[in-house]
Amino acid sequence: MYKFVYIIIFIFFNGMATAQVIDKQGHRGCRGLMPENTIVAMLKAIDLNCTTLELDVVLSADGKVVVSHEAFMNHEIATKPNGEHVTAGEAAMLNLYRMPYGQIRSFDVGMRPHPRFPKQLKTAAFKPTLDTLIQTCDAYAKQQGKPLPKYNIEIKSLIETDGVYHPTPAVFCEQVVALLATLNVQNRYNIQSFDIRVLQYLRKYYPSIPLAYLIEPDEPAAYETLIQSLGFTPEILSPHYSKVTPALIAMAKQYRMKVIPWTVNDLATIQQLIQLGVDGIITDYPNLF
């Protein structure tokens, strides 16, 4: 009898020790529920027990690191200070890299109904600076008795838009890293990018920063070839969720990379990906967790 009980206890606790731990990442905070890349979206993601807050950064004309997916005012979400909606024709001209942060902050990005996210709660919101967002989120997590969140920070750049919507990767990276060094986020952030120049610069000059390689869904090259072209093995591989296969998971394990796909917005697919063995999920709807 005692031997049988011991075996059951051993199996139970051994199962707990090997249980899969999923990094629950709120995409742009929780874009399906709250205005994207805003402080209210990040606080909601914390309420929904996200372990990591995923966000994007650009630079303003006065050197502020601003949380924004586009380096311009997106016509789907932005409202001018005078209450008029930003139009598709105006969006590209409202270049955040040419605007001081005070001007950027005067635009609302939370009140317009989003055509692709009907469940999104409408509330007045602005594009925050990265330091304000992190300080606010950390303070809120402490107040709520929750673990401090991690931050998955995407540096948005393209070689075609160097000097137009952002500086070169070296300048961009240095400004972001310098700001992060002033915040209490050691070991609680990684940097991700589709731009391999960003990842290569950071690995060369800041090798201790964990990096995530974002892969476009239509990328023709095999993932192993892409890693070889990158020149080093990043800590995280982030493909589009539709590209996750058992072979990809096996390759990532061989290279000791985590696999955290984007952007997964239905429960069935989340469950399928977890069964395949991903290490995390990026979703617009953290309530699905």
Fill in: Derivation of the salt bridge (Lys or Arg N to Asp or Glu O under 4.0 Å) call for Asp195 and Arg197
CA-CA 5 Å; Asp195 189 345; Arg197 301 174 304 157; 2.8 Å; yes
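- The heavy-atom pair separating Leu130 from Leu180 by the smallest distance is CD2-CD2, 4.1 Å.
- With Glu36 as reference, Arg28 is the one residue of His27, Lys127, Arg28 to meet the side chain to side chain donor-acceptor pair (under 3.5 Å) rule.
- Considering all non-hydrogen atoms of both residues, Gly280 and Ile22 come closest at CA-CG2, 3.9 Å.
- The shortest distance between side-chain heavy atoms of Ser60 and Asp62 falls below 4.5 Å.
- Side-chain atoms of Tyr213 and Leu230, non-hydrogen and from C-beta on, do get closer than 4.5 Å to each other.
- For the pairing with Thr52, the side chain to side chain donor-acceptor pair (under 3.5 Å) check across Asp23, Asn152, Asn190 returns one residue only, Asp23.
- The environment of CG in Asn187 is sparse: at most 12 heavy-atom neighbours from other residues, nucleotides or ligands sit within 6.0 Å.
- Ion pairing between Lys64 and Asp131 fails under the 4.0 Å rule for side-chain N and carboxylate O.
- Nearest heavy-atom pair, Glu219 versus Leu226, reported as atom, atom and distance to 0.1 Å: CG-CD1, 3.4 Å.
- Side chain of Thr132 to main chain of Pro128: no donor-acceptor pair is present (N/O by atom type, distance under 3.5 Å, no hydrogens or angles).
- If you chain together hydrophobic residues whose side chains sit under 4.5 Å apart, Leu148 and Val67 never meet in one group.
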Practice prompt. For side chain to side chain donor-acceptor pair (under 3.5 Å), just list the numbers for Tyr201 and Glu174, CA-CA rounded to whole Å, side-chain angles, deciding distance to a tenth of an Å, and then say yes or no.
Written response: CA-CA 10 Å; Tyr201 182 88; Glu174 288 293 343; 2.5 Å; yes
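- A single hydrophobic cluster is not seen to contain both Met42 and Ile282; linkage of ILVMFWY side chains at heavy-atom distances under 4.5 Å, directly or through other members, places them apart.
- Taking the six-membered ring for Trp, Trp262 and His240 have ring centres closer than 6.0 Å.
- Remark: side-chain polar atoms of Ser229 are paired, donor with acceptor, to backbone N or O of Thr225 under 3.5 angstrom.
- Glu90 has a carboxylate O that lies under 4.0 Å from a charged side-chain N of Lys80, or vice versa, which qualifies the two as a salt bridge.
- In this structure, the separation between OG on Ser106 and CZ on Phe126 is 11.5 Å, given to the nearest 0.5 Å.
- Residue-environment remark: NZ (Lys122) exceeds the threshold of 12 foreign heavy atoms within 6.0 Å.
- Within the 4.5 Å cutoff, the side chain of Ile227 has heavy atoms near those of the Pro234 side chain.
- Here the side chain of Thr245 pairs a donor or acceptor atom with the backbone of Leu248 at under 3.5 angstrom.
- Between Glu54 and Lys24 no salt bridge is recorded (no basic side-chain N to carboxylate O distance below 4.0 Å).
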Item to complete: Assess whether salt bridge (Lys or Arg N to Asp or Glu O under 4.0 Å) is satisfied between Lys156 and Glu70, documenting all intermediate values.
Response: CA-CA 8 Å; Lys156 307 290 294 186; Glu70 292 82 20; over 6 Å; no
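- Ile155 and Val185 end up in the same hydrophobic cluster when Ile, Leu, Val, Met, Phe, Trp and Tyr side chains are linked at under 4.5 Å.
- Classification of the Phe117-Tyr285 ring pair by plane angle, with boundaries at 30° and 60°, yields tilted.
- What you find for Asn95 and Ala71 is that their closest heavy atoms are OD1-O, 3.5 Å.
- To the nearest 0.5 Å, atom CD1 of residue Ile270 and atom CG of residue Leu273 are 8.0 Å apart.
- By the 4.5 Å heavy-atom criterion applied to side chains, Tyr189 and Ile209 are counted as neighbours.
- The 12-atom threshold is exceeded at NZ of Lys146, counting heavy atoms of other residues, nucleotides or ligands nearer than 6.0 Å.
- The closest side-chain heavy-atom distance from Leu211 to Phe232 is below 4.5 Å.
- Leu94 CG to Met99 CE: the interatomic distance, rounded to the nearest 0.5 Å, is 5.5 Å.
- Contact record, Gln192 with Leu199: C-CD2, 4.5 Å, taken as the closest heavy-atom pair.
- Looking at Leu202 and Ile191, their side chains come closer than 4.5 Å, going by heavy atoms from C-beta outward.
- Judged by distance alone, the side chain of Asn37 and the main-chain N or O of Leu55 form no donor-acceptor pair under 3.5 Å.
- Remark: the backbone N or O of Asp108 is not paired with any side-chain donor or acceptor of Arg112 at under 3.5 angstrom.
- Atom CG of Leu96 and atom CD1 of Ile104 lie 4.5 Å apart (nearest 0.5 Å).
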Worksheet item: Which is it for Tyr151 and Asp138 under the side chain to side chain donor-acceptor pair (under 3.5 Å) test, yes or no, and what are the steps along the way?
Response: CA-CA 11 Å; Tyr151 298 92; Asp138 281 4; 2.8 Å; yes
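- Residues Glu235 and Lys258 form no side-chain contact, since every pair of their non-hydrogen atoms from C-beta on lies 4.5 Å or further apart.
- For Asp284 and Arg31, the salt-bridge test passes: some basic side-chain N is under 4.0 Å from an acidic carboxylate O.
- Taken from SG in Cys30 to CD1 in Ile46, the straight-line distance is 10.0 Å, to the nearest 0.5 Å.
- By the criterion of side-chain heavy atoms lying less than 4.5 angstrom apart, applied directly or through intervening Ile, Leu, Val, Met, Phe, Trp or Tyr residues, Ile260 is not grouped with Phe289; the two fall into different hydrophobic clusters.
- Taken together through direct or relayed side-chain contacts under 4.5 Å among Ile, Leu, Val, Met, Phe, Trp and Tyr, Val57 and Met73 form parts of separate hydrophobic clusters.
- For the pair Gln200/Val198, no side-chain contact is recorded, criterion being any heavy-atom separation below 4.5 Å from C-beta on.
- Here CD1 of Ile39 is found 12.5 Å from OH of Tyr140. Values are rounded to the nearest 0.5 Å.
- Heavy-atom neighbours of Arg116 CZ from other residues, nucleotides or ligands within 6.0 Å: above the threshold of 12.
- In terms of heavy-atom proximity, Ala41 sits nearest to Pro35 at CB-O, 3.1 Å.
- In summary, the side chains of Thr283 and Asn265 do present a donor paired with an acceptor at a separation below 3.5 Å, with no hydrogens or angles considered.
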